[in-house]
Amino acid sequence: MRLSRSLVPTLKETPAEAQIVSHRLMLRAGLVRQTAAGIYAWLPAGLRVLQNVAAIVRAEQDAAGAQELLMPTIQPAELWRESGRYEDYGKEMLRLKDRHERDLVYGPTNEEMITDLFRQSVHSYRALPQILYHIQWKFRDEVRPRFGVMRGREFLMKDAYSFDIDYAGAVVSYRRMMLAYMRTFRRMGLKAIPMRAESGPIGGNMSHEFIILAPTGESAVYYDAAFEEIDYSASGFNIFSDADLEHFFTLMTTHYAATDEKHDAAAWAELTLGRKREGRGIEVGHVFYFGTKYSAAMGFSVAGPDGRPVAPEMGSYGIGVSRLVGALIEAFHDEAGIIWPDAVAPFRTAILNLKPGDAACDRIAEGLYEKLAPSALYDDRDERAGVKFADADLMGHPWQIVVGPRGAAAGRVELKRRASGEREEVGTESALARII
RNA sequence: CGGGGCGUGGCGCAGCUUGGUCAGCGCGCGUGUUUUGGGUACACGAGGCCGCCGGUUCGAAUCCGGCCGCCCCGACCA
């Protein structure tokens, strides 16, 4: 992308409405613009991040055997009346009517709809288990949207739903999603910790929220150092092995971890000093098992092995995709701006042509851009060098290639790594070699 | 939903208490010169129904009422 012809409106000053760092940086780096309270337009660079995050989520869901589908944003109220939540959900649910005066809702979640879809076609236990997911926009009419994209009213969410014939199966599905989640966050460079959450009417230890560590996170978290030592992505765990999943689950749930609301001072005191870790965190995912709550309420059963009807055991698993973009910035930034992890950066490289119009600079910069194009942002603007440096740091590209008149004549460029700040002067070929 | 605050060119703000060349400043934007590796300097210039509606007044950005929008704290939530 050529910056001179791109809608990436960076700002030198922070708009007054933005308080927390991710919100400020998202506005300043030209990633999003607010259209209404808690509702945002994703500009080109921001959309690329959102899509990169979604792609990682998708890849790990697929790797866990979940099937992607796409359910609509608008749902008939009928489904919600069936489960009883039309009345229960309250004002957070955006309700609307079509021209025929039919009641509709802009979906805040999809348990009813997936149950309905599933029951239409699945009638036997032999088709189970299955996990389905989609990545779709949701709307929850929060009383008080805040923190920019982290607590919006409209948000992009990955939500998955598991169907099993019995509790044992549901447990396996639950653990499978848990492992998929840990891998997902890790791939984004995030440290995530599953923390026991309220499990609702079902009880048990089958609801966890995933907290990622970020110095500016909204809640204080306390956890055992053990969480820093586990390698979820390594071949250690086979996501399709029940035994591995059990081992993994035990590992995840035996060590202490809690947000400040659920912090247990007594349990915390028992931890050895060297293992205590305190930090701040942001919830980016939530998994829970809810048994037959929806299948029973909505009259969904399949034929069991003995031919008798059985209400499937279900669970649901959410990841806040758009929230993650904000959370990533909370985790990765400095005074100058964003520091994108390579996996989600909108552009892997920024090519800064310090002197457009200079034959040598143009030749080298254009040449580099041709080779790196899809993942490179070419700053070809007629701006001062300082402006380009500042914007590149603000936007947080993992790599910067600085093409200036000084080195260009000799075929040299400066390669800068955003995260470490290291720079070195190299030839164009070795710059390319380092980046690709 | 309770409490607090704010709406003045694209962004950040001053002006409002003490109605009357107050529509202004910085940044940004345009043109020119300058500078040329970390947001350069100078000059000239474009750009505002002062959130909306109504009221008070000879006169309202400024006072009064209503409405809308946005932000912060709390309760609630991916």
Side-chain angles (χ1 to χ4, degrees), chain A residues 7 9-20 23-24 27-28 30 33-40 53 57 89-93 107-110 135-160 181 185 192 197-198 207-212 218-219 259 261 281-288 316-327 335-337 352-358 361 379 381-394 400-408 412-414 416 421 423 425:
Chain A
L7 185 64
T10 56
L11 300 172
K12 212 162 160 180
E13 290 175 288
T14 306
E17 73 263 22
Q19 299 297 319
I20 64 161
H23 191 193
R24 299 162 68 109
L27 292 172
R28 288 227 296 133
R33 283 292 110 105
Q34 177 168 308
T35 9
I39 302 178
Y40 293 83
V53 169
V57 171
Y89 216 97
K91 291 191 173 170
E92 273 200 352
M93 185 153 74
T109 177
N110 287 67
I135 298 175
Q136 177 64 292
W137 292 93
K138 306 282 191 292
F139 194 92
R140 290 183 194 166
D141 201 357
E142 297 282 345
V143 234
R144 194 190 154 206
R146 63 185 121 169
F147 305 146
V149 116
M150 296 228 293
R151 178 81 181 279
R153 290 193 292 172
E154 188 181 52
F155 55 97
L156 188 62
M157 182 176 174
K158 185 286 300 181
D159 40 324
Y181 274 34
F185 299 131
E198 296 305 331
S207 176
H208 289 84
E209 46 187 38
F210 291 75
I211 305 287
I212 62 135
E218 48 194 342
S219 48
T259 57
E261 304 103 46
I282 301 166
E283 182 183 353
V284 291
H286 203 147
V287 294
F288 44 95
S316 71
Y317 316 88
I319 290 181
V321 176
S322 48
R323 165 178 279 199
L324 263 169
V325 176
E335 322 71 46
L352 313 192
N353 184 343
L354 296 192
K355 194 169 184 182
D358 176 272
C361 287
D379 192 345
R381 296 175 301 172
D382 184 20
E383 286 288 354
R384 303 256 327 160
V387 173
K388 299 188 183 192
F389 289 135
D391 275 349
D393 286 347
L394 173 63
Q400 294 174 19
I401 303 180
V402 180
V403 183
R406 242 194 237 159
R412 313 283 288 175
V413 297
E414 184 180 278
K416 174 178 169 180
R423 320 163 186 213
E425 199 180 298

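Residue numbers begin at 1 in each chain, while the letters A, B, ... track the order of the sequences. Remember, it's a predicted structure, so these values are computed and weren't measured experimentally.
Base pairing annotation: B:A43 forms a Watson-Crick or G-U wobble pair with B:U31, both donor-acceptor distances under 3.5 Å. When both distances must be under 3.5 Å, the Watson-Crick or G-U wobble mate of B:C70 is B:G5.
OP1 or OP2 of B:C1 has at least one side-chain nitrogen or oxygen of A:Lys91 nearer than 4.0 Å. An OP1 or OP2 oxygen of B:C73 is reached within less than 4.0 angstrom by a side-chain nitrogen or oxygen of A:Arg144.
For the C1' atoms, the distance from B:U8 to B:C16 is 11 Å, rounded to whole Å. Between the P atoms of B:C1 and B:A46, the separation comes to 47 Å (whole Å). Only the P atoms considered, B:G74 is 35 Å distant from B:U18, to the nearest whole Å. Atom name P, nucleotides B:G59 and B:G2: the rounded distance is 38 Å, in whole Å. As rounded to the nearest Å, B:A43 and B:C49 have P atoms that lie 28 Å from one another. With both ends at atom P, the span from B:C67 to B:C72 equals 23 Å, rounded to whole Å. A distance of about 14 Å separates the C1' atoms of B:G47 and B:C11, rounded to the whole Å. Separating the C1' atom of B:C25 from that of B:C50 is a span of 15 Å, rounded to the nearest Å.
Going from atom CD of A:Glu209 over to atom C1' of B:C76 covers 14 Å, rounded to whole Å. At whole-Å resolution of the value, CZ in A:Arg153 and P in B:C76 are 20 Å apart. Put simply, CD on A:Glu218 is 11 Å from P on B:G74, counting in whole angstrom units. Protein atom CD of A:Glu283 is 14 Å distant from nucleotide atom P of B:C76, rounded to whole Å. Between A:Glu17 atom CD and B:G51 atom P there is a gap of 17 Å when expressed in whole angstrom units. Taking atom CD of residue A:Gln34 and atom C1' of nucleotide B:G7, one finds them 14 Å apart after rounding to whole Å. In this structure, CZ of A:Arg151 is placed 9 Å from P of B:C77, rounded to the nearest angstrom. One atom, CZ of A:Arg323, and another, C1' of B:A78, lie 5 Å apart when rounded to the nearest Å.
Counting heavy atoms from C-beta on, the side chains of A:Arg33 and A:Leu27 come closer than 4.5 Å. Taking the side chain as every heavy atom from C-beta outward, A:Thr259 and A:Glu218 never approach each other to under 4.5 Å.
Judged by distance alone, the side chains of A:Ser207 and A:His286 do bring a donor and an acceptor atom under 3.5 Å apart. Counting only N and O atoms by type, the side chains of A:Gln136 and A:Asp159 include no donor and acceptor under 3.5 Å apart.
A:Thr14 comes within 4.0 angstrom of the backbone, heavy atoms only, and of no base. Looking at heavy-atom distances under 4.0 Å, A:Gly152 makes contact with a base. Contact annotation for A:Ala18: no contact, since no heavy-atom pair falls under 4.0 Å across all strands.
Judged by distance alone, with hydrogens and angles left aside, the side-chain atoms of A:Arg28 form a donor-acceptor pair with the main-chain N or O of A:Lys12 at under 3.5 Å. Using a distance-only test at 3.5 Å, with no hydrogens or angles considered, a donor-acceptor pair links the side chain of A:Arg323 to the main chain of A:Glu283.
Between A:Phe147 and A:Gly320, the residue whose closest nucleotide on RNA chain B is further toward the 5' end is A:Phe147. Taking the nucleotide of RNA chain B with the nearest heavy atom to each of A:Pro145 and A:Val149, the more 5' of the two is matched to A:Pro145.
Between A:His23 and A:Tyr40, the ring-plane angle classifies as perpendicular under the 30° and 60° cut-offs.
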Run the side-chain donor-acceptor check on residues 140-153 of chain A: report pairs under 3.5 Å with partners two or more places apart or on a different chain.
from	atom 1	to	atom 2	distance (Å)
A:Arg140	NE	A:Pro108	O	3.0
A:Arg140	NH2	A:Pro108	O	2.8
A:Asp141	OD1	A:Arg153	NH1	2.9
A:Glu142	OE1	A:Arg151	NE	3.4
A:Glu142	OE1	A:Arg151	NH2	3.0
A:Arg153	NE	A:Ala37	O	2.8
A:Arg153	NH2	A:Ala37	O	3.1

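A donor N or O paired with an acceptor N or O is not found under 3.5 Å between the base of B:G28 and the side-chain atoms of A:Glu13. No hydrogens or angles were tested; on distance alone, nothing pairs the side chain of A:Arg146 with the base of B:C71 as donor and acceptor under 3.5 Å.
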message = Each nucleotide in nucleotides 33-42 of chain B should get exactly one letter: B, S or -. Can you fill that in based on protein heavy atoms under 4.0 Å?
response = --B-BBBB--

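Closest contact between the side chain of A:Val143 and the listed nucleotides B:C29, B:C77, B:C1 involves B:C1.
Residues passing the side-chain contact (heavy atoms from CB on, under 4.5 Å) test with A:Glu383 are A:Arg381, A:Val387, A:Lys388, sequence neighbours excluded.
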